[in-house]
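The structure appears below as structure tokens.
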Amino acid sequence: MVSEKVGGAEGTKLDEDFKDLERKVDVTSKAVVEVISKTSEYLQPNPASRAKLSMLNTMSKIRGQVKNPGYPQAEGLLGECMVKYGRDLGEENNFGGALVDAGETMKRLAEVKDSLDIDVKQNFIDPLQNLCDKDLREIQHHLKKLEGRRLDYDYKKKRQGKIPDEELRQALEKFHESKDVAETSMYNILETDIEQVSQLSSLVESQLQYHRQATQILDELSDKLRDRMNEAQNRPRREYTPKAKPIFDFDSDNQSTNGGYTTSVGPPPSRNSESFHRYKKNINFFSEQPCCKALYDFDPENEGELGFKEGDIITLTNQIDENWYEGMLHGQSGFFPLNYVEIVVPLIN
């Protein structure tokens, strides 16, 4: 190899057919790796959820061994939010009932999305990963072995006359043997690409199934909401009836604390009273948004992460897992590690 690289010695040439097979296998290998990566991004665009997904124990949870892929779907999180506030409003309230209907639908969509993820993992990503880990890796091993035997043959060929002819003949035979094995394995994998086409077809079928089910579920929700709107429009409008006002007695002889009149309505707490300060404290507490203070600078390295400087106050919107928060700063939303911040006002689950 040194004589070829430094001295410019010419090595044994491989035929063009072999080189063409090698080029196509190399493109196939790169395509498989890139498609696997992009498919994972398609299934879960959220970078924090992808990071959590990658930490699952050898993907066992997304190979049909459990009912869900192991990470929350955005549709499910939206559904839980809608159902919570719909029930707080009360299902007898028109908007509250509509929120519950929409929330339950979003949770159904999350289940359908889980099924899509599992199907794509089982029928598309896993077979491609197996191709990459087994067949393509085996070809790389054969090509590496071929290169070693080619170098050995070229070295002994240059020393022809100084080494036994039998040793040179054996080196040539091993070179041709490795070439035949590598060529056969590359030919076989390129000729059986119908398997990869079948896997691609499975991906499209999974997507079609998902979109059919999602369309059916959303059609049902659309009909429910349309019925609610029609019912609300046809319902007689109720007029607001003000409550009876308290009766004041302006008797000048009455020495009450309200300056000469009495009322059944209690006065507001005095600004100097203890009850007023408790009231003001509670108002301030509930008006504050969940937030945290940056302890260090954080420079985002991946798409979707939120950068900040030490001392910045970040509004918290969600806790992704035990290591990551989601928040907003200067109108930007993104993810950041929990150990970079100090909680000022905690999230309320």
Side-chain angles (χ1 to χ4, degrees), residues 38-57 59-126 199-235 304 317-322 324-326 333 335 347-349:
K38 297 302 181 185
T39 305
S40 297
E41 292 181 21
Y42 160 73
L43 292 177
Q44 186 50 264
N46 186 319
S49 295
R50 282 206 309 277
K52 185 175 181 180
L53 178 63
S54 66
M55 292 186 290
L56 292 176
N57 186 18
M59 301 295 191
S60 62
K61 291 188 177 182
I62 48 177
R63 293 184 176 176
Q65 298 177 10
V66 293
K67 294 182 179 179
N68 60 67
Y71 55 80
Q73 300 289 357
E75 294 89 343
L77 296 176
L78 174 59
E80 290 174 2
C81 173
M82 288 180 168
V83 169
K84 175 184 181 301
Y85 287 104
R87 289 174 178 165
D88 287 349
L89 278 172
E91 295 188 47
E92 68 281 356
N93 177 279
N94 199 27
F95 180 46
L99 275 177
V100 171
D101 289 342
E104 294 295 346
T105 297
M106 291 299 158
K107 290 165 75 173
R108 289 176 62 193
L109 283 177
E111 294 175 0
V112 174
K113 186 66 164 48
D114 282 343
S115 298
L116 170 67
D117 289 2
I118 292 170
D119 288 344
V120 172
K121 284 288 181 183
Q122 287 179 332
N123 301 318
F124 184 67
I125 292 182
D126 284 351
Q199 291 149 12
L200 194 58
S201 176
S202 297
L203 169 66
V204 175
E205 286 299 324
S206 298
Q207 290 173 302
L208 277 173
Q209 181 69 10
Y210 163 71
H211 288 293
R212 288 192 191 104
Q213 292 178 335
T215 300
Q216 180 181 353
I217 291 171
L218 290 173
D219 279 342
E220 293 174 6
L221 174 62
S222 179
D223 291 341
K224 286 183 180 180
L225 295 179
R226 192 178 298 108
D227 290 343
R228 282 188 177 276
M229 288 190 294
N230 293 335
E231 181 182 349
Q233 290 171 353
N234 296 328
R235 184 188 308 152
T317 56
N318 191 18
Q319 181 168 354
I320 304 301
D321 56 24
E322 65 274 9
W324 289 84
Y325 277 133
E326 182 181 12
S333 177
F335 310 96
L347 282 163
I348 300 176
N349 294 324

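Nothing here was measured: the structure is a model prediction, and the numbers come from that model.
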**OP:** With rounding to the nearest 0.5 Å, note down the distance linking NZ in Lys113 to CD in Gln73.
**Re:** 4.5 Å
Subject >> Sequence-distant partners of Ser202, side-chain contact (heavy atoms from CB on, under 4.5 Å), two or more places apart >> reply: Asn123
**OP:** Applying side-chain contact (heavy atoms from CB on, under 4.5 Å), run through Val83 and Leu99 and close with a yes or a no.
**Re:** CA-CA 6 Å; Val83 169; Leu99 275 177; over 6 Å; no
**OP:** Supply the atom-to-atom distance Ile217 CD1 to Lys107 NZ, rounded to the nearest 0.5 angstrom.
**Re:** 13.5 Å
Original post:
Just wondering, do Val100 and Met82 contact through their side chains at under 4.5 Å, heavy atoms?
Top reply: no
Original post:
Who are the side chain to side chain donor-acceptor pair (under 3.5 Å) partners of Glu91, not counting sequence neighbours?
Top reply: none
**OP:** Step by step, work out the side-chain contact (heavy atoms from CB on, under 4.5 Å) result for Leu203 and Leu200.
**Re:** CA-CA 5 Å; Leu203 169 66; Leu200 194 58; 4.1 Å; yes
**OP:** Indicate whether any N or O donor in one side chain lies under 3.5 Å from an N or O acceptor in the other, for Glu205 and Tyr210.
**Re:** no
**OP:** Could you tell me which residues satisfy side chain to side chain donor-acceptor pair (under 3.5 Å) with Tyr85, sequence neighbours excluded, listed by chain and number?
**Re:** none
Original post:
Got a sec, which residues hit side-chain contact (heavy atoms from CB on, under 4.5 Å) with Asn94, two or more places apart in sequence or on another chain?
Top reply: Arg228, Ala232
Original post:
Would you call Lys121 and Ile118 a side-chain contact if the rule is heavy atoms closer than 4.5 Å?
Top reply: no
Subject >> Under 3.5 Å donor-acceptor, Gln319 side chain and Asp321 backbone >> reply: yes
**OP:** For Thr317 and Glu326, indicate whether the former's side chain and the latter's backbone hold a donor-acceptor pair under 3.5 Å.
**Re:** yes
Original post:
Does the side chain of Asn318 reach to within under 4.5 Å of the side chain of Tyr325, using non-hydrogen atoms?
Top reply: no
Original post:
Just how far is it from atom CE of Met229 to atom CD of Gln233, taken to the nearest 0.5 Å?
Top reply: 7.0 Å
Original post:
Between CG of Leu43 and CG of Asp117, what distance do you get to the nearest 0.5 Å?
Top reply: 4.5 Å
**OP:** Applying side chain to side chain donor-acceptor pair (under 3.5 Å), name anything that partners Ser201, two or more places apart in sequence or on another chain.
**Re:** none
Original post:
Can you list the residues that meet the salt bridge (charged side-chain N to carboxylate O under 4.0 Å, His left out) rule with Glu104, with sequence neighbours excluded?
Top reply: Arg87
Original post:
Between atom CG of Leu109 and atom CE of Met106, what is the distance when rounded to the nearest 0.5 Å?
Top reply: 5.5 Å
Subject >> Gln213: partners by side-chain contact (heavy atoms from CB on, under 4.5 Å), with sequence neighbours left out >> reply: Val112, Gln209
**OP:** Would you sort out whether Gln207 and Val120 count as a side-chain contact (heavy atoms from CB on, under 4.5 Å), showing the intermediate values?
**Re:** CA-CA 9 Å; Gln207 290 173 302; Val120 172; 5.6 Å; no
Original post:
What distance separates Asn234 CG from Asn230 CG, expressed to the nearest 0.5 Å?
Top reply: 6.5 Å
Subject >> Closest contact, heavy atoms only, Gly76 versus Ala110 >> reply: N-CB, 3.4 Å
Subject >> Contacts of Glu92 that satisfy salt bridge (charged side-chain N to carboxylate O under 4.0 Å, His left out) - sequence neighbours left out >> reply: none
Original post:
How about Tyr42: does its OH atom have over 12 heavy atoms from other parts shown lying under 6.0 Å from it?
Top reply: yes
**OP:** Determine which pairs satisfy side chain to side chain donor-acceptor pair (under 3.5 Å) with at least one residue from residues 216-226, sequence neighbours left out, and list them in order.
**Re:** Arg108-Glu220, Ser222-Arg226, Asp223-Arg226
Original post:
So, for Ala98 and Leu225, which heavy atoms are closest and what is the spacing to 0.1 Å?
Top reply: CB-CD2, 3.8 Å
